[in-house]
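Heads up: the structure comes next, in structure tokens.
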Amino acid sequence: MNNLVKKILKKIDLSSVPSRISTSLSDNQAYPQICIQASNDYRLFNNFRRNPIYNQILEHVSREEGNEYLRLISNESDILAGINKFKSNDDYGNPRMYEYPNIGMIAPSTLRYIKVLADLKRLFQTADNLNICEIGVGYGGQCRVINAYYKPATYCLVDIEPALSLAQIFLDNYILHSVLTYNTMNKLGQRDYDLVISNYAFTELPRTIQDIYLNKVIFNSKRGYITYNEITPQEFNSYKSDELIKMIPGSKILKEEPLTHPKNCIIVWGVNV
């Protein structure tokens, strides 16, 4: 944690957020408070993607990583043809944007969402008419990118309440194809999904919480795409990638490209390639 973040943390009044055990790495009281503030104050919403505390969890993709994501999608001509639709993700929150060859100004985090979209297209061919569940939704950026290209039937966003509030504020600025639902862990019912997505979030949970999502969502999903990382503290006892592969029927490990951490990988199942 850098000195600027430490100074801001000291100034934030966390009295409105009850003290409790964190359920994930992002559920650390400071991050939820930023989400709440941005949800309730449009001036803060206009700049939340540059907030240094928020950037500890999200919107920290570097310009150089953005170049790598662009390289990986450079052959996806049909996806790149709609680049202006994806760039609309950056109309809100004042993200850091950079000039990239042939596509102009865009946030590198948006390029990452587009790269995940390209992976979904390659692995599953389509997301049209699917019932999708995303575990750990950030501000809704991945949901919006998918909806800008495909027409999912439903899209269930699952996260802590403050993050869901911010995602709803963000997504309400767009006309989306999916019927959206917003659920916390305990509000989420057990049901079958066509596709479950989690960009790092699932693997940043304690094992006891992971078990809930495994039983409510993952074991009941025909297809899955989980970006795995291994950064949780030992007391979380989070599942390792080899354990998850044994537990999720038909799953396999793919390389994460670009590799953002030595032990990262992508866990998929129900693929059509």
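Positions are given from 1, in the same order as the sequence printed here.
- Put simply, the side chain of Leu171 reaches to within 4.5 Å of the side chain of Tyr182, judged on heavy atoms.
- Listed here is the closest heavy atom pair of Ser251 and Ile245: OG-O, 3.2 Å.
- Contact record, Tyr69 with Pro258: CE2-CD, 3.2 Å, taken as the closest heavy-atom pair.
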task = Show your reasoning for whether side-chain contact (heavy atoms from CB on, under 4.5 Å) applies to Leu111 and Val61.
result = CA-CA 9 Å; Leu111 283 171; Val61 179; over 6 Å; no
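- For Tyr228, the ring pair (Phe, Tyr, Trp, His ring centres under 6.0 Å) criterion is met by no residue, not counting sequence neighbours.
- Side chain to side chain, Thr110 and Asn89 fail the donor-acceptor criterion of an N or O pair below 3.5 Å.
- To the nearest 0.5 Å, the span separating CZ on Phe202 from CG on Leu244 amounts to 5.5 Å.
- Residues satisfying the side-chain hydrogen bond (donor to acceptor under 3.5 Å, both in side chains) criterion with Lys151, sequence neighbours excluded, are absent altogether.
- Residue pairs that meet the salt bridge (charged side-chain N to carboxylate O under 4.0 Å, His left out) test with at least one member in residues 211-227, sequence neighbours left out, are Asp194-Lys222.
- Using modelled atom types, one finds a donor on one side chain and an acceptor on the other under 3.5 Å when comparing Ser109 with Glu59.
- Residues passing the side-chain hydrogen bond (donor to acceptor under 3.5 Å, both in side chains) test with Tyr193: none are found, sequence neighbours excluded.
- Using modelled atom types, no side-chain atom of Asn94 and backbone atom of Phe48 make a donor-acceptor pair closer than 3.5 Å.
- For Asp41, the side-chain hydrogen bond (donor to acceptor under 3.5 Å, both in side chains) test picks out Arg43, with sequence neighbours left out.
- Taking SG of Cys35 as the start and CG of Asn40 as the end, the distance is 11.0 Å to the nearest 0.5 Å.
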request  = Test Tyr54 against Tyr31 for ring-ring contact (aromatic ring centres under 6.0 Å, His included), laying out the working first.
outcome  = CA-CA 6 Å; Tyr54 193 85; Tyr31 167 76; 5.5 Å; yes
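- Checked against side chain to side chain contact (heavy atoms under 4.5 Å, CB included), Asp172 has the following partners two or more places apart in sequence or in another chain: Gln168.
- Judged as a ring pair (Phe, Tyr, Trp, His ring centres under 6.0 Å), and not counting sequence neighbours, the contacts of Phe170 are Tyr139, Tyr174.
- By the 6.0 Å and 45° rule, Arg207 does not stack over the aromatic ring of Phe236.
- With contacts defined as side-chain heavy-atom distances shorter than 4.5 Å, the pair Leu164/Thr184 qualifies.
- Every residue two or more places apart in sequence or in another chain that forms a side chain to side chain contact (heavy atoms under 4.5 Å, CB included) with Lys87 is listed here: Ile83, Asn84, Ile106.
- In this structure, Glu161 contributes its side chain and Ser165 its backbone to no donor-acceptor pair below 3.5 Å.
- With hydrogens and angles ignored, the 3.5 Å screen pairs no side-chain donor or acceptor of Lys255 with any backbone N or O of Ile266.
- To the nearest 0.5 Å, the span separating CG on Asp242 from CE on Met247 amounts to 11.5 Å.
- A donor-acceptor pair is defined here as one N or O able to donate and one able to accept, closer than 3.5 Å; no such pair exists between the side chain of Asn131 and the backbone of Asp192.
- Here the side chains of Tyr155 and Leu176 are not in contact, with every heavy-atom distance at 4.5 Å or above.
- Between the Glu230 side chain and the Lys263 main chain, no donor and acceptor come within less than 3.5 Å of each other.
- The shortest distance between side-chain heavy atoms of Ile212 and Leu205 does not fall below 4.5 Å.
- Of all heavy-atom pairs between Val217 and Ser221, the closest is O-OG, 2.9 Å.
- Summarising the geometry of Leu166 relative to Ala38, their closest heavy-atom pair is CD1-CB, 3.9 Å, with the distance given to 0.1 Å.
- Atom CG of residue Asn51 and atom CG of residue Leu58 lie 11.5 Å apart, to the nearest 0.5 angstrom.
- For the pair Asp90/Met105, no side-chain contact is recorded, criterion being any heavy-atom separation below 4.5 Å from C-beta on.
- A heavy-atom distance below 4.5 Å is not found between the side chains of Ile197 and Cys143.
- With values rounded to the nearest 0.5 angstrom, Lys246 atom NZ is found 10.5 Å from Ser241 atom OG.
- Residues Arg49 and Tyr92 come closest through the heavy atom pair NH1-O, 3.1 Å.
- The salt bridge (charged side-chain N to carboxylate O under 4.0 Å, His left out) contacts involving residues 91-100 comprise nothing, where partners must be two or more places apart or lie in separate chains.
- In this structure, the separation between CD1 on Ile103 and OH on Tyr98 is 14.0 Å, given to the nearest 0.5 Å.
- Applying the side chain to side chain contact (heavy atoms under 4.5 Å, CB included) criterion to Asp78, with sequence neighbours excluded, gives Glu76, Lys121, Tyr149.
- No hydrogens or angles considered: a donor-acceptor pair under 3.5 Å links the side chains of Glu204 and Asn229.
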ask   = How far apart are the C-alpha atoms of Glu68 and Arg71, what are their side-chain angles, what is the distance that settles it, and do they pass the salt bridge (charged side-chain N to carboxylate O under 4.0 Å, His left out) test?
value = CA-CA 5 Å; Glu68 284 298 301; Arg71 179 185 63 81; 2.9 Å; yes
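- Nearest approach of Ser238 to Pro206, heavy atoms of both residues: OG-CA, 4.2 Å.
- Looking only at distances, a side-chain donor or acceptor of Tyr100 sits under 3.5 Å from a matching main-chain atom of Arg63.
- Within the structure, the salt bridge (charged side-chain N to carboxylate O under 4.0 Å, His left out) test picks out no pair touching residues 100-110 (sequence neighbours left out).
- Applying the side chain to side chain contact (heavy atoms under 4.5 Å, CB included) criterion to His261, with sequence neighbours excluded, gives Ile231, Asn264.
- For His177 (side chain) and Pro152 (main-chain N/O), no donor-acceptor pair under 3.5 Å exists by modelled atom type.
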message = Show, in sequence, the C-alpha distance, side-chain angles and deciding distance for Tyr200 and Ile135, and conclude whether the side-chain contact (heavy atoms from CB on, under 4.5 Å) test is met.
response = CA-CA 9 Å; Tyr200 305 108; Ile135 301 169; over 6 Å; no
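- Under a 3.5 Å cut-off, the side chain of Glu65 and the backbone N or O of Ser62 do form a donor-acceptor pair.
- A donor-acceptor pair under 3.5 Å links the side-chain atoms of Thr126 to the main chain of Asp128, judged by distance alone.
- Here the side chains of Gln33 and Ile53 are not in contact, with every heavy-atom distance at 4.5 Å or above.
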